Amino acid sequence: MNLWYVGEWSRNVKDKPVKTKILGQNLVLFRDAEGKVKCLADVCLHRGGSLSGGWVNEKRDCVVCPYHGWEYGDGGKCKKIPSEGPDFKIPERFKIDSYPVEEHYGMVWIFMGDLPEEERYPIPPFPEFDDPEWRAVDSEYVWKAEAARVVENGIDIAHASFVHPEFGYPDAADQNFIEKIERHEWWASSSNVMYPPELNGGLFNWRKSIRKDKQETRVHPVWYLPGMTVRIQIDLKPGWHILMFDANTPVDEHTTRTFAIQLRSFFKQKIFDKGSVKRLKKVLLEDAAIVNESSPYYLPETLVNELSVKSDRFMFTFRNARRKLIEEKGWLIDTDARDRYQGRKVLTVPCPERREALEKGEGWVFDAMPSVAPIVQPVKITDTQPGSEHDVIAASKAAGEAVSD
(Lines give C-alpha, C1' and ligand atoms only; values in the text may rest on other atoms or scores of the structure.)
Protein backbone atom coordinates (compact mmCIF):
# COMPACT_ATOMS: atom_id res chain seq x y z
CA MET A 1 0.00 0.00 0.00
CA ASN A 2 0.90 3.72 -0.05
CA LEU A 3 2.22 3.70 -3.62
CA TRP A 4 0.94 5.05 -6.91
CA TYR A 5 -0.34 2.42 -9.36
CA VAL A 6 -1.82 2.61 -12.86
CA GLY A 7 -5.51 1.75 -12.85
CA GLU A 8 -6.40 2.22 -16.50
CA TRP A 9 -5.49 3.89 -19.78
CA SER A 10 -6.85 7.45 -19.81
CA ARG A 11 -8.56 6.82 -23.15
CA ASN A 12 -10.71 4.10 -21.59
CA VAL A 13 -12.31 6.35 -18.96
CA LYS A 14 -15.00 8.33 -20.78
CA ASP A 15 -18.61 9.08 -19.86
CA LYS A 16 -19.39 5.86 -17.98
CA PRO A 17 -18.02 4.32 -14.76
CA VAL A 18 -15.07 1.98 -15.31
CA LYS A 19 -14.20 -0.92 -13.05
CA THR A 20 -10.60 -1.71 -12.20
CA LYS A 21 -8.79 -3.65 -9.50
CA ILE A 22 -5.61 -2.93 -7.55
CA LEU A 23 -4.18 -4.76 -4.52
CA GLY A 24 -7.11 -7.15 -4.58
CA GLN A 25 -9.64 -4.32 -4.19
CA ASN A 26 -12.30 -3.40 -6.73
CA LEU A 27 -12.35 0.30 -7.69
CA VAL A 28 -14.57 2.51 -9.82
CA LEU A 29 -13.21 5.29 -12.05
CA PHE A 30 -15.33 8.09 -13.53
CA ARG A 31 -14.90 11.59 -14.92
CA ASP A 32 -16.53 14.60 -13.32
CA ALA A 33 -18.04 17.55 -15.21
CA GLU A 34 -14.56 19.08 -15.63
CA GLY A 35 -13.18 15.87 -17.10
CA LYS A 36 -11.11 14.94 -14.07
CA VAL A 37 -10.93 11.26 -13.13
CA LYS A 38 -12.17 10.24 -9.68
CA CYS A 39 -11.48 6.90 -8.00
CA LEU A 40 -13.63 5.33 -5.27
CA ALA A 41 -13.97 1.94 -3.63
CA ASP A 42 -16.40 0.04 -5.87
CA VAL A 43 -19.00 -0.72 -3.21
CA CYS A 44 -22.06 1.10 -1.91
CA LEU A 45 -22.45 1.69 1.83
CA HIS A 46 -26.10 0.69 1.71
CA ARG A 47 -26.37 -2.88 0.44
CA GLY A 48 -23.02 -3.47 -1.19
CA GLY A 49 -23.96 -2.60 -4.76
CA SER A 50 -21.18 -2.27 -7.32
CA LEU A 51 -20.89 1.39 -8.29
CA SER A 52 -19.12 0.54 -11.54
CA GLY A 53 -22.37 -1.02 -12.73
CA GLY A 54 -24.16 2.32 -12.36
CA TRP A 55 -23.85 5.65 -14.17
CA VAL A 56 -22.45 9.15 -13.76
CA ASN A 57 -24.56 12.12 -12.64
CA GLU A 58 -22.59 14.97 -14.17
CA LYS A 59 -24.66 17.68 -12.49
CA ARG A 60 -23.44 16.57 -9.06
CA ASP A 61 -20.14 15.03 -10.20
CA CYS A 62 -21.28 11.72 -8.71
CA VAL A 63 -21.29 8.06 -9.56
CA VAL A 64 -24.71 6.49 -8.95
CA CYS A 65 -25.26 3.04 -7.44
CA PRO A 66 -27.53 0.98 -9.75
CA TYR A 67 -29.19 -0.77 -6.77
CA HIS A 68 -30.94 2.08 -4.90
CA GLY A 69 -29.57 5.21 -6.54
CA TRP A 70 -27.23 6.38 -3.78
CA GLU A 71 -24.75 8.91 -5.17
CA TYR A 72 -21.08 9.36 -4.28
CA GLY A 73 -18.87 12.28 -5.17
CA ASP A 74 -15.58 13.93 -4.35
CA GLY A 75 -13.88 12.53 -1.25
CA GLY A 76 -16.18 9.48 -1.31
CA LYS A 77 -18.97 11.48 0.32
CA CYS A 78 -22.53 10.20 -0.14
CA LYS A 79 -24.40 13.17 -1.64
CA LYS A 80 -27.86 11.79 -2.25
CA ILE A 81 -30.13 9.02 -0.91
CA PRO A 82 -33.26 9.12 -3.11
CA SER A 83 -35.48 7.08 -0.76
CA GLU A 84 -34.99 9.62 2.07
CA GLY A 85 -36.13 12.67 0.14
CA PRO A 86 -34.41 16.01 -0.63
CA ASP A 87 -34.51 17.31 2.96
CA PHE A 88 -32.66 14.38 4.50
CA LYS A 89 -29.35 15.46 6.03
CA ILE A 90 -26.78 12.81 5.19
CA PRO A 91 -24.50 12.02 8.17
CA GLU A 92 -20.84 13.00 7.79
CA ARG A 93 -19.65 9.42 8.22
CA PHE A 94 -21.53 8.25 5.11
CA LYS A 95 -18.32 7.99 3.07
CA ILE A 96 -16.46 5.38 1.11
CA ASP A 97 -12.70 5.41 0.48
CA SER A 98 -11.66 7.87 -2.22
CA TYR A 99 -8.16 7.73 -3.69
CA PRO A 100 -5.97 10.50 -5.17
CA VAL A 101 -5.75 10.41 -8.97
CA GLU A 102 -3.35 11.92 -11.50
CA GLU A 103 -3.14 11.41 -15.26
CA HIS A 104 0.28 11.07 -16.84
CA TYR A 105 1.61 9.41 -20.01
CA GLY A 106 -1.90 8.44 -21.14
CA MET A 107 -2.42 6.51 -17.88
CA VAL A 108 -4.63 6.97 -14.82
CA TRP A 109 -2.41 6.82 -11.71
CA ILE A 110 -4.10 6.03 -8.38
CA PHE A 111 -2.54 6.45 -4.94
CA MET A 112 -3.55 3.39 -2.92
CA GLY A 113 -2.98 4.60 0.61
CA ASP A 114 -3.60 7.30 3.20
CA LEU A 115 -0.28 9.15 3.30
CA PRO A 116 -0.38 12.97 3.13
CA GLU A 117 0.65 14.31 -0.27
CA GLU A 118 4.04 15.54 0.95
CA GLU A 119 5.00 12.05 2.18
CA ARG A 120 4.24 10.14 -1.03
CA TYR A 121 6.90 8.88 -3.42
CA PRO A 122 6.29 10.69 -6.73
CA ILE A 123 5.03 9.20 -9.97
CA PRO A 124 8.08 8.10 -12.02
CA PRO A 125 9.42 10.66 -14.50
CA PHE A 126 8.98 9.96 -18.21
CA PRO A 127 10.01 13.15 -20.06
CA GLU A 128 10.41 11.36 -23.41
CA PHE A 129 6.67 10.61 -23.61
CA ASP A 130 5.79 14.06 -25.01
CA ASP A 131 9.09 14.59 -26.80
CA PRO A 132 8.63 14.80 -30.61
CA GLU A 133 12.08 13.25 -31.02
CA TRP A 134 10.53 9.91 -30.00
CA ARG A 135 7.78 7.78 -31.55
CA ALA A 136 5.55 5.90 -29.06
CA VAL A 137 3.42 2.76 -29.27
CA ASP A 138 1.70 1.02 -26.39
CA SER A 139 0.45 -2.40 -25.43
CA GLU A 140 -0.95 -4.27 -22.44
CA TYR A 141 -0.42 -7.69 -20.95
CA VAL A 142 -1.86 -9.63 -18.00
CA TRP A 143 0.54 -11.94 -16.16
CA LYS A 144 -0.41 -14.81 -13.87
CA ALA A 145 2.36 -13.75 -11.55
CA GLU A 146 3.08 -11.44 -8.61
CA ALA A 147 4.04 -7.86 -9.54
CA ALA A 148 7.39 -8.04 -7.72
CA ARG A 149 8.31 -11.09 -9.81
CA VAL A 150 7.44 -9.15 -12.97
CA VAL A 151 9.56 -6.16 -11.92
CA GLU A 152 12.54 -8.34 -11.05
CA ASN A 153 12.33 -10.03 -14.44
CA GLY A 154 12.29 -6.64 -16.14
CA ILE A 155 15.53 -5.47 -14.54
CA ASP A 156 17.32 -8.82 -14.87
CA ILE A 157 19.66 -8.37 -17.81
CA ALA A 158 21.25 -11.84 -17.46
CA HIS A 159 18.09 -13.64 -18.57
CA ALA A 160 18.10 -11.96 -21.99
CA SER A 161 20.67 -14.38 -23.40
CA PHE A 162 18.35 -17.31 -22.75
CA VAL A 163 14.76 -16.01 -22.92
CA HIS A 164 15.11 -13.47 -25.75
CA PRO A 165 17.12 -14.78 -28.74
CA GLU A 166 17.16 -11.29 -30.25
CA PHE A 167 18.98 -9.89 -27.22
CA GLY A 168 21.75 -12.38 -26.47
CA TYR A 169 23.76 -15.53 -27.08
CA PRO A 170 23.61 -18.23 -24.36
CA ASP A 171 27.27 -19.15 -24.92
CA ALA A 172 28.32 -15.51 -24.52
CA ALA A 173 26.35 -14.76 -21.33
CA ASP A 174 29.54 -14.31 -19.32
CA GLN A 175 30.66 -11.45 -21.57
CA ASN A 176 27.74 -9.20 -20.56
CA PHE A 177 28.38 -7.20 -17.42
CA ILE A 178 27.03 -4.51 -15.10
CA GLU A 179 29.07 -1.35 -15.48
CA LYS A 180 27.46 0.90 -12.84
CA ILE A 181 24.64 0.96 -10.28
CA GLU A 182 23.00 4.04 -8.78
CA ARG A 183 20.77 3.54 -5.70
CA HIS A 184 18.09 5.72 -4.11
CA GLU A 185 15.30 5.18 -1.60
CA TRP A 186 12.49 4.62 -4.11
CA TRP A 187 14.36 3.90 -7.36
CA ALA A 188 17.64 2.62 -8.76
CA SER A 189 19.35 2.44 -12.12
CA SER A 190 22.13 0.46 -13.71
CA SER A 191 24.23 0.58 -16.88
CA ASN A 192 25.07 -2.66 -18.63
CA VAL A 193 27.25 -3.71 -21.54
CA MET A 194 25.95 -6.52 -23.75
CA TYR A 195 27.00 -8.22 -26.98
CA PRO A 196 23.76 -9.36 -28.66
CA PRO A 197 23.16 -10.95 -32.08
CA GLU A 198 22.65 -9.03 -35.29
CA LEU A 199 19.11 -7.66 -35.69
CA ASN A 200 16.98 -9.30 -38.36
CA GLY A 201 13.60 -8.64 -39.91
CA GLY A 202 11.77 -5.86 -41.67
CA LEU A 203 11.35 -5.25 -45.38
CA PHE A 204 14.48 -6.45 -47.22
CA ASN A 205 15.87 -7.27 -43.74
CA TRP A 206 16.60 -3.56 -43.14
CA ARG A 207 17.07 -4.09 -39.39
CA LYS A 208 20.55 -5.50 -40.08
CA SER A 209 21.69 -1.94 -40.60
CA ILE A 210 20.86 -1.06 -36.99
CA ARG A 211 23.08 -3.53 -35.16
CA LYS A 212 25.84 -5.85 -36.31
CA ASP A 213 26.58 -9.21 -34.74
CA LYS A 214 27.95 -8.92 -31.19
CA GLN A 215 28.15 -5.16 -31.50
CA GLU A 216 28.70 -3.57 -28.07
CA THR A 217 25.29 -2.42 -26.87
CA ARG A 218 24.51 -0.45 -23.73
CA VAL A 219 21.34 -1.22 -21.80
CA HIS A 220 20.07 0.95 -18.94
CA PRO A 221 17.32 -0.55 -16.73
CA VAL A 222 15.64 1.48 -13.97
CA TRP A 223 13.07 0.41 -11.40
CA TYR A 224 10.70 2.66 -9.44
CA LEU A 225 8.60 1.60 -6.45
CA PRO A 226 5.63 3.78 -7.53
CA GLY A 227 3.73 1.87 -10.17
CA MET A 228 6.12 -1.06 -9.77
CA THR A 229 7.60 0.60 -12.85
CA VAL A 230 10.42 -0.66 -15.06
CA ARG A 231 12.15 1.59 -17.56
CA ILE A 232 14.75 0.20 -19.98
CA GLN A 233 16.72 2.17 -22.55
CA ILE A 234 18.69 0.33 -25.22
CA ASP A 235 21.38 2.30 -27.03
CA LEU A 236 21.70 0.56 -30.39
CA LYS A 237 24.15 3.07 -31.87
CA PRO A 238 24.66 6.85 -31.67
CA GLY A 239 21.28 8.55 -32.03
CA TRP A 240 19.39 5.24 -32.23
CA HIS A 241 17.60 4.27 -29.03
CA ILE A 242 14.69 2.13 -27.90
CA LEU A 243 12.97 3.00 -24.62
CA MET A 244 10.45 0.83 -22.76
CA PHE A 245 8.33 2.12 -19.87
CA ASP A 246 6.23 -0.53 -18.10
CA ALA A 247 3.90 0.14 -15.16
CA ASN A 248 3.16 -3.23 -13.51
CA THR A 249 -0.06 -3.05 -11.52
CA PRO A 250 -0.70 -5.70 -8.81
CA VAL A 251 -4.32 -6.55 -9.60
CA ASP A 252 -4.02 -9.03 -6.76
CA GLU A 253 -1.25 -11.25 -5.42
CA HIS A 254 -1.77 -13.68 -8.33
CA THR A 255 -2.25 -11.26 -11.21
CA THR A 256 -0.26 -8.37 -12.69
CA ARG A 257 -1.50 -6.00 -15.37
CA THR A 258 1.29 -4.37 -17.37
CA PHE A 259 0.74 -1.04 -19.10
CA ALA A 260 3.62 -0.86 -21.58
CA ILE A 261 4.85 2.02 -23.72
CA GLN A 262 7.72 1.61 -26.17
CA LEU A 263 9.47 4.54 -27.83
CA ARG A 264 12.00 4.66 -30.63
CA SER A 265 14.21 7.55 -31.76
CA PHE A 266 14.48 6.30 -35.36
CA PHE A 267 12.08 5.40 -38.19
CA LYS A 268 9.38 7.49 -36.55
CA GLN A 269 6.85 7.14 -39.36
CA LYS A 270 3.55 5.47 -38.45
CA ILE A 271 4.18 2.68 -40.98
CA PHE A 272 6.73 1.16 -38.57
CA ASP A 273 4.38 1.09 -35.54
CA LYS A 274 2.87 -2.31 -36.32
CA GLY A 275 6.28 -3.97 -36.25
CA SER A 276 7.20 -2.23 -32.98
CA VAL A 277 4.01 -3.43 -31.28
CA LYS A 278 4.56 -6.96 -32.59
CA ARG A 279 8.09 -7.09 -31.17
CA LEU A 280 6.96 -5.59 -27.85
CA LYS A 281 4.29 -8.27 -27.44
CA LYS A 282 6.78 -10.96 -28.42
CA VAL A 283 9.13 -9.91 -25.61
CA LEU A 284 6.27 -9.90 -23.07
CA LEU A 285 5.14 -13.38 -24.13
CA GLU A 286 8.68 -14.76 -23.91
CA ASP A 287 9.04 -13.38 -20.39
CA ALA A 288 5.61 -14.56 -19.26
CA ALA A 289 6.33 -18.14 -20.33
CA ILE A 290 9.09 -18.18 -17.69
CA VAL A 291 7.78 -15.88 -14.96
CA ASN A 292 4.28 -17.39 -14.81
CA GLU A 293 5.83 -20.77 -14.01
CA SER A 294 8.41 -19.61 -11.45
CA SER A 295 8.50 -21.08 -7.93
CA PRO A 296 7.85 -20.09 -5.27
CA TYR A 297 4.92 -18.07 -6.53
CA TYR A 298 5.85 -15.00 -4.51
CA LEU A 299 9.19 -13.23 -4.51
CA PRO A 300 11.16 -14.90 -1.68
CA GLU A 301 11.40 -12.74 1.46
CA THR A 302 14.90 -14.06 2.17
CA LEU A 303 17.62 -15.85 0.23
CA VAL A 304 17.91 -18.79 2.63
CA ASN A 305 16.47 -21.17 0.03
CA GLU A 306 17.62 -19.36 -3.09
CA LEU A 307 21.06 -18.81 -4.57
CA SER A 308 22.32 -15.57 -6.15
CA VAL A 309 25.46 -14.53 -8.00
CA LYS A 310 27.18 -11.26 -8.90
CA SER A 311 24.97 -10.68 -11.97
CA ASP A 312 22.00 -10.41 -9.57
CA ARG A 313 23.32 -7.43 -7.66
CA PHE A 314 21.05 -4.88 -9.36
CA MET A 315 18.03 -6.95 -8.34
CA PHE A 316 19.27 -6.70 -4.73
CA THR A 317 18.55 -2.96 -4.85
CA PHE A 318 14.89 -3.63 -5.66
CA ARG A 319 14.51 -6.42 -3.12
CA ASN A 320 16.06 -4.34 -0.36
CA ALA A 321 13.91 -1.28 -1.08
CA ARG A 322 10.79 -3.44 -1.18
CA ARG A 323 11.68 -5.15 2.08
CA LYS A 324 12.13 -1.77 3.75
CA LEU A 325 8.53 -0.89 2.92
CA ILE A 326 7.43 -4.16 4.47
CA GLU A 327 9.69 -4.42 7.51
CA GLU A 328 10.05 -0.76 8.49
CA LYS A 329 6.85 0.85 7.22
CA GLY A 330 4.35 -2.00 7.44
CA TRP A 331 2.81 -1.35 4.02
CA LEU A 332 2.27 -5.00 3.06
CA ILE A 333 -1.32 -6.25 3.02
CA ASP A 334 -1.84 -9.20 5.34
CA THR A 335 -3.56 -11.52 2.87
CA ASP A 336 -4.07 -14.27 5.45
CA ALA A 337 -5.98 -11.93 7.77
CA ARG A 338 -7.87 -10.46 4.82
CA ASP A 339 -8.94 -13.83 3.47
CA ARG A 340 -10.54 -14.82 6.76
CA TYR A 341 -13.26 -12.30 5.92
CA GLN A 342 -13.52 -13.16 2.23
CA GLY A 343 -17.14 -12.78 1.15
CA ARG A 344 -18.27 -11.83 4.67
CA LYS A 345 -16.95 -8.29 5.22
CA VAL A 346 -15.87 -5.35 3.08
CA LEU A 347 -12.25 -4.35 3.70
CA THR A 348 -10.76 -1.36 1.89
CA VAL A 349 -7.31 0.17 1.62
CA PRO A 350 -7.35 3.29 3.85
CA CYS A 351 -7.50 6.60 1.99
CA PRO A 352 -6.44 10.15 3.06
CA GLU A 353 -10.04 11.14 3.92
CA ARG A 354 -10.33 8.15 6.27
CA ARG A 355 -7.11 9.15 8.06
CA GLU A 356 -8.41 12.72 8.51
CA ALA A 357 -11.80 11.50 9.73
CA LEU A 358 -10.29 9.17 12.31
CA GLU A 359 -7.91 11.88 13.53
CA LYS A 360 -10.99 14.06 14.16
CA GLY A 361 -12.67 11.26 16.07
CA GLU A 362 -15.22 10.61 13.34
CA GLY A 363 -16.19 7.08 12.37
CA TRP A 364 -15.75 5.12 9.16
CA VAL A 365 -18.11 2.45 7.89
CA PHE A 366 -15.80 -0.07 6.23
CA ASP A 367 -12.93 -1.71 8.10
CA ALA A 368 -9.38 -1.11 6.89
CA MET A 369 -7.48 -3.67 4.87
CA PRO A 370 -5.19 -5.42 7.41
CA SER A 371 -1.44 -5.01 7.03
CA VAL A 372 1.57 -6.94 8.28
CA ALA A 373 3.07 -5.28 11.34
CA PRO A 374 6.51 -3.76 10.74
CA ILE A 375 9.56 -5.37 12.30
CA VAL A 376 10.95 -2.83 14.75
CA GLN A 377 14.13 -4.81 15.40
CA PRO A 378 14.93 -6.90 12.30
CA VAL A 379 16.75 -10.16 12.94
CA LYS A 380 20.44 -9.74 12.15
CA ILE A 381 21.75 -12.24 9.62
CA THR A 382 24.93 -13.91 10.81
CA ASP A 383 27.70 -15.96 9.29
CA THR A 384 26.20 -19.09 10.81
CA GLN A 385 23.16 -19.00 8.53
CA PRO A 386 24.10 -20.94 5.38
CA GLY A 387 22.57 -19.71 2.16
CA SER A 388 21.70 -16.31 3.63
CA GLU A 389 22.11 -12.92 1.99
CA HIS A 390 25.25 -12.47 4.08
CA ASP A 391 26.84 -15.46 2.35
CA VAL A 392 25.92 -14.17 -1.10
CA ILE A 393 27.25 -10.69 -0.38
CA ALA A 394 30.44 -12.08 1.15
CA ALA A 395 31.00 -14.37 -1.83
CA SER A 396 30.39 -11.54 -4.29
CA LYS A 397 32.75 -9.21 -2.42
CA ALA A 398 35.37 -11.94 -2.42
CA ALA A 399 35.02 -12.02 -6.18
CA GLY A 400 35.72 -8.30 -6.30
CA GLU A 401 32.15 -7.22 -6.96
CA ALA A 402 30.24 -4.40 -5.24
CA VAL A 403 26.90 -5.56 -3.84
CA SER A 404 24.03 -3.41 -2.55
CA ASP A 405 23.81 -3.05 1.22
Side-chain angles (χ1 to χ4, degrees), residues 148-183 187-201 207-224 229-246 248 260 262-266 279-280 282-291 293-294 299 303 306-321 389 392-404:
R149 279 283 194 193
V150 176
V151 171
E152 190 166 90
N153 170 81
I155 62 175
D156 174 19
I157 299 302
H159 84 281
S161 296
F162 300 90
V163 180
H164 308 298
E166 189 172 290
F167 296 153
Y169 287 110
D171 59 358
D174 61 331
Q175 297 175 24
N176 304 326
F177 64 93
I178 299 174
E179 190 174 53
K180 182 178 68 173
I181 290 178
E182 181 180 346
R183 294 189 296 268
W187 68 279
S189 65
S190 74
S191 295
N192 304 264
V193 177
M194 303 182 70
Y195 299 91
E198 180 179 64
L199 286 176
N200 291 297
R207 297 180 76 225
K208 281 188 174 182
S209 65
I210 300 178
R211 186 178 70 204
K212 302 303 181 182
D213 191 48
K214 294 187 178 180
Q215 176 180 314
E216 182 177 289
T217 302
R218 295 186 178 271
V219 181
H220 313 279
V222 186
W223 60 259
Y224 301 93
T229 305
V230 174
R231 170 194 166 107
I232 302 177
Q233 180 169 320
I234 303 173
D235 299 333
L236 299 170
K237 61 182 183 179
W240 290 53
H241 312 282
I242 292 176
L243 178 59
M244 291 174 283
F245 184 95
D246 301 344
N248 301 289
Q262 185 186 86
L263 294 87
R264 61 185 187 274
S265 65
F266 55 93
R279 285 186 289 275
L280 175 58
K282 179 176 180 289
V283 170
L284 290 172
L285 288 171
E286 289 171 346
D287 280 329
I290 300 296
V291 177
E293 300 299 324
S294 296
L299 194 68
L303 298 179
E306 185 179 79
L307 300 178
S308 295
V309 292
K310 64 181 181 180
S311 61
D312 301 316
R313 60 194 179 102
F314 184 50
M315 287 183 285
F316 271 114
T317 64
F318 172 67
R319 287 197 179 193
N320 290 340
E389 285 185 61
V392 176
I393 293 172
S396 298
K397 286 183 177 178
E401 294 293 330
V403 181
S404 61

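The shown structure was predicted, so the numbers you read here are calculated from the model rather than taken from an experiment. Basis for what follows: all heavy atoms, side chains included, without hydrogens, waters or symmetry-related copies.
- Annotation for Val291 and Arg149: closest pair CG1-CB, 4.1 Å, computed over non-hydrogen atoms.
- Nearest heavy atoms, Gly239 versus Ser265: O-OG, 3.0 Å.
- Closest non-hydrogen pair, Phe318 versus Ala148, comes out as CE2-O, 3.7 Å.
- Side chain of Asn320 to main chain of Phe316: a donor-acceptor pair is present (N/O by atom type, distance under 3.5 Å, no hydrogens or angles).
- Judged purely by atom type and a 3.5 angstrom limit, Asp312 uses its side chain to pair as donor or acceptor with the backbone of Val309.
- Under a 3.5 Å cut-off, the side chain of Thr317 and the backbone N or O of Arg313 do not form any donor-acceptor pair.
- A donor-acceptor pair shorter than 3.5 Å cannot be found between the side chains of Thr229 and Trp187.
- Across all their heavy atoms, Gly154 and Ile232 have their closest contact at O-CD1, 3.1 Å.
- Side chain of Asp246 to main chain of Val230: no donor-acceptor pair is present (N/O by atom type, distance under 3.5 Å, no hydrogens or angles).
- Scanning for side-chain hydrogen bond (donor to acceptor under 3.5 Å, both in side chains) contacts around Asn248 gives Thr258, with sequence neighbours left out.
- When the side-chain hydrogen bond (donor to acceptor under 3.5 Å, both in side chains) test is applied to Asp235, the partners found at least two apart in sequence or on another chain are His220, Gln233, His241.
- Taking CD from Glu286 and NE2 from His159, the interatomic distance works out to 8.5 Å, rounded to the nearest 0.5 Å.
- In terms of heavy-atom proximity, Tyr195 sits nearest to Asn176 at N-OD1, 3.1 Å.
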